[in-house]
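For reference, the structure is listed below as structure tokens.
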Amino acid sequence: MEQKPIIQLKNVTVKYGDRTILDNVTTDIMPGEIFVIVGGSGCGKSVLLRQIIGLEQPAEGQVIIDGQDFGATTGEARRQILRKFGVMFQSNGLFASMTLAENIELVLEEYTHLNSSERDEVIEMNLRSVGLGGFRNFTPAEVSGGMRKRAALARAMALNPSILCFDEPSSGLDPVTAASLDKLIKNLNSVLGATMIVVTHDLESIMSISDRILMLDTKVKGILATGTAEELKNYTKDPNVFNFFNRIA
Amino acid sequence: MKKTSVPTETYYSTNLSSDLFRLTPLLPVSLENALGFDAATILKQVEPETKSLILDCRKMGSYDSYFVIFYAALEKFCLANNIQFSAEGVTVDMKEFLRLFGSKNDLKTEIKKQSFFVNYLNQIGNHTINILKDTRDFIEFIGELILKMLNLIVNPTQIRWRDFPLHFTKAGVNALPIVLLIVFLIGVISGYQGAALLSQVGAEIYIADAVGISITRELGPLMTAILIAGRSGSAFTAEIGTMKVSEEIDALNTMGFDHIKFLVLPRVFAVMIAMPILTLMADLAGILGGLLTAITALDLTITGYLNQLQSTLSYWDVFTGVGKSIFFGFLVAAVGCFRGLQVRGGAESVGKFTTTSVVTSILLIIIADAVFTFVFQTLGI
Ligand SMILES: Nc1ncnc2c1ncn2[C@@H]1O[C@H](COP(=O)(O)OP(=O)(O)OP(=O)(O)O)[C@@H](O)[C@H]1O
Ligand SMILES: [Mg+2]
């Protein structure tokens, strides 16, 4: 079964000023997999994610989504690619001036032709799926951090995107909530069949959810290792990888 | 702080045999005891023929980050003078501590020591480059803004009009009381200034000309613009800056929204429409201020003042003022949003850019006003 990758990174190089953050990153992400990006703080995980979702264009190299060069598209074609993505940002990115329901409604209005009552139903459904049934009229400031994360997830899912990206979904959450969020991600992956890209530090969640892992490193400015959780746990070529996955300081 | 000279024996003991220097700290090598453990002072005791230096850590008890500095200083000295350096009684914890704080990683920033003069010139240079870059970015931003505004003529549903009433209320309606009050007072003040002069030459009635024209042509639009820069320009920067910090703008963009159309244009239009209305009302308030002075300080009658005003003030005076105010409004809103989008990093950046936003707006308003005045003068309008 030869599948075509949904996302291809080809020699992606990212620079800020004279500083190279990522150098020549090349990898493929397959449809339906949970692809986890790990690495120490400041190694460029969020930066790589920003290239993938099209917020920034790499200095060199290409990001190819479903066979289309993301950086080269404009107008409607670009909009259609963006529609494939649902993104949950590191600091959740919910619109503070809107209620949770309005946050979700915004995307529905933009991309669908649902009428107002249909939209309401979809919103209710999405909020319920992340356990926020009764909170539609709360603003982000009025709910807890964990609830905000879940609301952001509900918004990211609203259009049933084929690629869901999470930047540190469990940071700042207690272990129980974090674990339930992991379960939710795993569930959504099997229910929606969406490709998931998860940036995380959390070893437990890496072990439990990942299909494949990409480890970035500050020194190599790029990929230190890739493989499944099992493979990286027994990775002996580089002590940094081995230590990370076996929790040795 | 008082610098006390401390008796060295209490801090450490030294033992100097022919080519071996043994240093034994007796008290904690800590920031608190830094004075007693001054490496330079201690190393003065090292003789030229010393071949090795031993730091005995067994008696010092506790330590903190100063230990790392002290240790590094000894190490450096020994390296430079070809002395063998070793430490005794270093526990595992100590080793880990030294490694953690003392590790010379490759990312260490080079601290360049430069003369004050060179530094100063460097700063001036950097500053100039930044200002030029900033100017170029702003011009680009204005260009993009104008293009997208023109685009609206073809496709007026592209911007989020839903937010327009909110911004109009905040920037326009809510600003009305303060604008009226300030310009009214400006009218009173300039009336008094004029009154003193005019009554000397017995031309009291010309107070209406002086106040009327200066308010409608200059002070009305200018003061309104400055007030709006302080109220709304700063608010725009703070709002948009906060959205930037909390990744709301990123979220907008990944959802396929254009933040210029979504956030910037509704604000720009709100201010551009609010400004002429505010200015017209401000003109009225200023003229009333002048009237107050005229009847109290100069014993003119209301009808006298108004008649005089009617005969000198042309539509054109009011028109140029209101026209300018639309442009000022554009500047204030554009600068406010531009600065907001420049915010990087955290909350403190929002504050910094909010300040810059107000300063830039006021500067640009005054420059624009000077240009307008010059152009109107030359054209004889
Ligand atoms: N806009 C930017 N301008 C300049 N440098 C940046 C910018 N964004 C990120 N960087 C730099 O890129 C590097 C990687 O940042 P990134 O945010 O990707 O880290 P990260 O791997 O996500 O870390 P964390 O786990 O702490 O979130 C950092 O050293 C940061 O200083
Ligand atoms: Mg990050």
Side-chain angles (χ1 to χ4, degrees), chain A residues 16-17 19 40 42-43 46 49-50 52-56 70 73-98 102-111 140-141 148 151-152 155-156 158-159 161 163-165 167-168 218-219 221 249, chain B residues 92-93 95-97 99-100 103 105-110 126 129-130 133 148 151 155 157-163 165-167 170 235-236 238-259 261-263 266-267 340-341 343-347 349-350:
Chain A
Y16 291 115
R19 229 178 114 208
C43 67
S46 300
L49 197 62
R50 293 172 70 82
I52 295 176
I53 61 182
L55 275 178
E56 283 167 23
F70 200 175
T73 56
T74 50
E76 189 53 31
R78 187 178 164 78
R79 233 174 81 93
Q80 286 312 319
I81 296 185
L82 285 172
R83 196 203 171 291
K84 294 181 189 178
F85 282 98
V87 185
M88 183 176 156
F89 286 90
Q90 191 161 4
S91 40
N92 76 57
L94 289 172
F95 304 121
S97 58
M98 302 179 191
E102 285 166 347
N103 260 285
I104 299 175
E105 184 159 28
L106 194 66
V107 264
L108 293 178
E109 267 178 350
E110 178 71 12
Y111 286 97
R148 271 193 289 261
R155 187 179 70 179
L159 292 172
I163 308 165
L164 265 168
C165 304
D167 197 347
E168 313 214 359
T218 317
K219 285 221 185 76
K221 299 189 194 325
Chain B
V92 178
D93 284 349
K95 233 184 221 155
E96 184 62 16
F97 190 77
R99 191 184 64 80
L100 199 61
S103 66
N105 58 29
D106 41 0
L107 288 174
K108 195 165 165 183
T109 19
E110 237 176 274
N126 281 337
I129 291 172
N130 282 343
K133 260 199 208 140
K148 286 188 174 156
N151 227 325
N155 195 348
T157 55
Q158 274 185 338
I159 85 167
R160 194 173 157 82
W161 290 110
R162 195 186 299 176
D163 286 347
L166 176 76
H167 295 310
K170 281 210 240 172
F236 292 170
E239 285 164 11
I240 293 181
T242 310
M243 293 184 76
K244 189 93 195 277
V245 172
S246 58
E247 295 182 299
E248 287 176 53
I249 308 252
D250 288 342
L252 266 183
N253 289 335
T254 48
M255 290 173 185
F257 294 101
D258 177 355
H259 60 262
K261 289 177 187 161
F262 199 91
L263 296 174
R267 287 174 165 82
L341 290 170
V343 168
R344 286 277 120 86
S349 173
V350 176

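The sequence lines fix the lettering, A, B, ..., with proteins before strands; numbering per chain opens at 1. Hydrogens, waters and symmetry mates play no part in the numbers below; they use all other heavy atoms, side chains included.
For chain A, the nearby parts of B/Met255 are the backbone and the side chain; heavy atoms of each come within less than 4.5 Å. Contact of A/Ile53 with chain B is made through backbone and side chain together, with heavy-atom distances under 4.5 Å. Neither the backbone nor the side chain of B/Ile249 has a heavy atom closer than 4.5 Å to any heavy atom of chain A.
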Between A/Val87 and B/Glu247, does the side-chain contact (heavy atoms from CB on, under 4.5 Å) criterion hold? Intermediate values first, please.
CA-CA 11 Å; A/Val87 185; B/Glu247 295 182 299; over 6 Å; no
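Between A/Ser97 atom OG and B/Glu239 atom CD the span is 8.5 Å, to the nearest 0.5 Å. Rounding to the nearest 0.5 Å places CZ of B/Arg160 at 7.0 Å from CD of A/Glu109. Rounded to the nearest 0.5 angstrom, A/Phe95 CZ and B/Met243 CE are separated by 6.0 Å.
At a heavy-atom cut-off of under 4.5 Å, chain B is reached by A/Leu82 from residues 74-86 of chain A, listed in order of number.
Across all non-hydrogen atoms, the minimal contact from B/Ala251 to A/Gly93 is CB-O, 3.5 Å.
When each of B/Asp250, B/Leu252, B/Thr242, B/Val245 is scored by its heavy-atom pairs under 4.5 Å with chain A, the top score falls to B/Asp250.
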